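Since this is a predicted model, take the numbers as computed values, not measurements. Chain A is the first sequence line, chain B the second, and so forth, proteins listed ahead of strands; every chain is numbered from 1. Values below: all heavy atoms of this structure, side chains included; hydrogens, waters and symmetry mates excluded.
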Amino acid sequence: MNPALETLKARGFVQQCTDIEGLSALMDQGPVTFYIGCDPTGPSLHIGHMVPFFAYRHLVEAGHIGIALLGGGTARIGDPSGKSEMRKMISYDAIDANAELFRGQLDRFIGFDGKNRRHDNNKHWLADLNYIEFLRDIGRHFSVNRMLTFEAYKQRMETGLSFIEFNYQLLQSYDFLQLYKRHGCRLQIGGDDQWGNIVAGMELIRRVEGAEAFGLTFPLVMTSDGKKMGKTEKGALFLDPAMTSPYDFFQYWRNVSDGDVLRFLLMFTFLPIDECRALASGDINGAKERLAWEVTALIHGKDEADKALAGAKAAFGGGGDKSAMPTAELSRARFEAGYPVLDLFVDAGLAPTKSEARRLVQQGGAVVGDAQWKDEKAPVGADALDAEGELVLRAGKKRFVRVVAS
RNA sequence: GGAGAGAUUCCCGAGUGGUCAAAGGGGGCAGACUGUAAAUCUGUUGGCUAAGCCUUCGAAGGUUCAAAUCCUUCUCUCUCCA
């Protein structure tokens, strides 16, 4: 099999392919142009979006030509695949702004050069589409009977499916066709929930252009306990450091289940396969630390990864650098006046409300400096601060904040 | 246009006059066990100046000593019929 495909397969990227032998043969002949689309429905990509983009990099490094397609047009509709409910409509302005943010994040990860690493936006051909012409040219190739057999729609037959969403598949198929015409794109890759849409696009290219195209899907990445990967208490694991701090990002990977380590090393880092295997079969906590550093470095850069690692070491007692821990700046005067503990924990960001803070204290999860703080009414005085005017607060076992009083 | 059904706390979902800050489950948080893991068990899970008070059951009015629960209007969702 073609080495690039072999790599993807070995690293766990391949779920389904429309014609693996045919695709392999095509890739053996020379560079293949492929695309991966994502709809800018929010202000930041999250880690779940990234699986296909890791594959993008593997393929580009093997000499193929990638197109990251921003769904500035399709985001106006909403893809029903894999969703049980209709998505909220988003304003055009918000979509355009999101698309620009996505592009920036992807640029950092992929490094667009307009040659092998390209991007495009389907807004260019979808926004001003003429409905009647579209129906005549494209709609006639789609069988409703066939569409209804796709799993994506079957699920929605239960909860309801509006016509606007039912149309999504036509638009995505049209994207594939347009990219074939504009860039010679022959392959679409995406998450397995995109299978129906990908197959439909491939068939459209065959009907309209008489050309053969291919589709390849990746498994939807789940954690070993069956949850969607990349979910945290606060929601998805975002790439935007303002939405998910590099420290939290790092900690997510540091705490993945043992059974997920190898899989994640293979998919979310570019370490050689042998090295991934060696790491995962050795000291498992060391492997998690390496995984966390590697992924954080890829997304936020090496400096941020180093900082997150140092902060984690400091927090979890292995020395490290305290200044890299999550930090809150509070007023020294308040400590001198006796800082009410509940306020202190809220102000440090370790509890959203005083009730939560109270519960934390009552349940024994509040630690000030080295001491468990058991009295919710006792204030924290300036004597709790060290020589540098700092104090480490802990909520539970994993949440630390370094308080700097000034 | 007609006939029904529905909107409950982060989510799903009970509740049909006071005992309701509202069952149960999920999720979250904390504790135990550990390895910053998973699984498991236990507790907890609207806010506050915590005795008590305030806000919350789609929105606005009304009845009542008392409303998530009854009445009126409105908004939205779903199903069936045309």
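Taking 4.0 angstrom as the limit, A:Lys397 places a side-chain polar atom (N or O) nearer than this to OP1 or OP2 of B:rA32. For the OP1/OP2 pair of B:rC48 and a distance below 4.0 Å, the side-chain nitrogens and oxygens of A:Ser355 include at least one atom meeting the criterion. For A:Arg399, a side-chain nitrogen or oxygen approaches OP1 or OP2 of B:rA30 to under 4.0 Å. Checking the phosphate oxygens (OP1, OP2) of B:rG47, a side-chain nitrogen or oxygen of A:Arg359 falls inside 4.0 Å. In this model, the phosphate group of B:rA37 is approached by a side-chain N or O of A:Lys398 to a distance below 4.0 Å at OP1 or OP2.
B:rG47 and B:rC11 have their P atoms separated by 15 Å, with the value rounded to a whole Å. Nucleotides B:rC53 and B:rU8 have their C1' atoms positioned 24 Å apart, rounded to a whole Å. To the nearest whole angstrom, the two C1' atoms, one in B:rA14 and one in B:rU64, are 26 Å apart. Atom C1' of B:rC12 sits at a distance of 24 Å from the matching atom of B:rA59, rounded to the whole Å. Taking the P atom of each, B:rU72 and B:rG6 are spaced 15 Å apart, rounded to whole Å. If you take atom C1' in B:rA68 and the same atom in B:rG13, they sit 14 Å apart, rounded to whole Å. Spacing of C1' atoms, B:rC74 relative to B:rA21, comes out at 28 Å, to the nearest Å. Remark: the separation of the C1' atoms in B:rA60 and B:rC48 is 28 Å, to the nearest Å.
The pairing partner recorded for B:rA59 is B:rU73, the criterion being a Watson-Crick or G-U wobble arrangement whose two distances lie under 3.5 angstrom. In a base pair of the Watson-Crick type (N1 to N3 plus N6-O4 or O6-N4) or a G-U wobble (N1-O2 and O6-N3), with each distance short of 3.5 Å, B:rU49 is matched with no nucleotide. Pairing partner, B:rC78: B:rG4, with both Watson-Crick or wobble hydrogen-bond distances short of 3.5 Å. The nucleotide B:rA22 finds no pairing partner, because no Watson-Crick or G-U wobble arrangement with both distances shorter than 3.5 Å includes it. Nucleotide B:rA30 forms a Watson-Crick or G-U wobble pair with B:rU42, both donor-acceptor distances falling under 3.5 Å.
Distance, A:Leu262 CG to B:rA38 C1': 17 Å, rounded to whole Å. Here B:rU36 presents its C1' atom at 14 Å from CD1 of A:Ile284, a figure rounded to the nearest Å. The interatomic distance linking A:Leu360 (CG) with B:rU44 (P) rounds to 16 Å, in whole Å. Remark: C1' of B:rG35 and CZ of A:Arg290 are 20 Å apart, rounded to the nearest angstrom. In this entry the distance linking NZ of A:Lys354 with P of B:rU55 reads 20 Å, nearest Å. The distance between atom CG of A:Leu291 and atom P of B:rA37, rounded to the nearest whole Å, is 15 Å. A:Asp258 has its CG atom 12 Å from the P atom of B:rG35, to the nearest Å. Following rounding to the nearest Å, A:Gln372 (CD) and B:rG31 (P) show an atom-to-atom distance of 8 Å.
At a threshold of 4.0 angstrom between heavy atoms, the contacts of A:Val256 are confined to the sugar-phosphate backbone, with no base atom among them. Among the protein residues, A:Ala351 comes within range of no part of the nucleic acid, since none of its heavy atoms lies under 4.0 Å from any strand. Heavy atoms of A:Gln251 sit under 4.0 angstrom from at least one base atom.
A salt bridge links A:Arg290 with A:Glu275: at least one charged nitrogen is closer than 4.0 Å to a carboxylate oxygen. Checked for salt-bridge contact, A:Lys322 and A:Asp386 meet the test: a charged N lies under 4.0 Å from a carboxylate O. Under a 4.0 Å N-O distance rule, the pair A:Glu6/A:Lys9 does not qualify as a salt bridge. The pair A:Glu329-A:Arg402 does not meet the salt-bridge criterion, since no charged nitrogen lies less than 4.0 angstrom from a carboxylate oxygen.
Applying the 3.5 Å distance criterion, the base of B:rG31 shares no donor-acceptor pair with the side chain of A:Gln363.
When each of A:Asp283, A:Asp260, A:Asp258 is paired with A:Lys288, the side chain to side chain donor-acceptor pair (under 3.5 Å) condition holds for A:Asp258 and for no other.
More than 12 heavy atoms of other shown residues, nucleotides or ligands fall within 6.0 angstrom of atom CZ in A:Phe270.
For the atom pair CZ of A:Phe400 and CG of A:Leu393, the computed distance is 11.0 Å after rounding to the nearest 0.5 Å.
If you find the closest nucleotide of RNA chain B to A:Lys288 and to A:Gly365, the one lying nearer the 5' end belongs to A:Gly365. Residues A:Pro352 and A:Phe250 each lie close to RNA chain B; by heavy-atom proximity, the contact nearer the 5' end of the strand is made by A:Phe250.
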